J.: 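Following this message is one structure expressed as structure tokens.
Owing to the predicted nature of the structure, the values given are computational and were not obtained by experimental measurement. We use all heavy atoms of the structure for the numbers below, so side chains are in, but hydrogens, waters and symmetry mates are not.
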Amino acid sequence: MLAYHVLQDGQSGAGTAVSRSNLVAGDLVIYSGHVAIYVGGGQVIHAPRPGKSVCIVPINQAASNYLGARRVI
């Protein structure tokens, strides 16, 4: 639900923009229509779609259309 609400509420602009090369664990990774959480080591945790388990995958496999990242503290 967190990912849905971040997009639905227009909060993808919250916090501070972070470049892909400066991601740290906990940063929100924003894709077109999808949000994941960076866990380090080039990987994110996300829920792929209803009926699938939450999983950890490489950042480029979570979704297409990487839009950026935000650090919300």
J.: Is there side-chain contact between Val44 and Ile37, with heavy atoms separated by less than 4.5 Å?
T.: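 Side chain of Val44 against side chain of Ile37, heavy atoms only: no contact under 4.5 Å found.
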J.: Just distance, no hydrogens or angles: give the donor-acceptor pairs under 3.5 Å from side chains in residues 15-23, sequence neighbours left out.
T.:
| unit_1 | atom_1 | unit_2 | atom_2 | d |
| --- | --- | --- | --- | --- |
| Ser19 | OG | Ser21 | OG | 3.2 |
| Ser19 | OG | Asn22 | N | 3.4 |
| Ser19 | OG | Asn22 | ND2 | 2.9 |

J.: What closest approach, in Å, do Ala36 and Tyr31 show between heavy atoms, and which atom pair accounts for it?
T.: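 Taking every non-hydrogen atom into account, CB-CE1, 4.0 Å.
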J.: In Å and rounded to the nearest 0.5 Å, what is the CG to OH distance from Leu28 to Tyr38?
T.: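 So the gap between those two atoms works out to 13.5 Å.
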J.: Less than 3.5 Å apart, which donor and acceptor atoms pair up between the side chains of residues 46-63 and the rest of the protein, not counting sequence neighbours?
T.:
| unit_1 | atom_1 | unit_2 | atom_2 | d |
| --- | --- | --- | --- | --- |
| His46 | ND1 | His34 | NE2 | 2.9 |

J.: Is there side-chain contact between Arg71 and Val24, with at least one heavy-atom pair below 4.5 Å?
T.: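 Yes, their side chains come closer than 4.5 Å.
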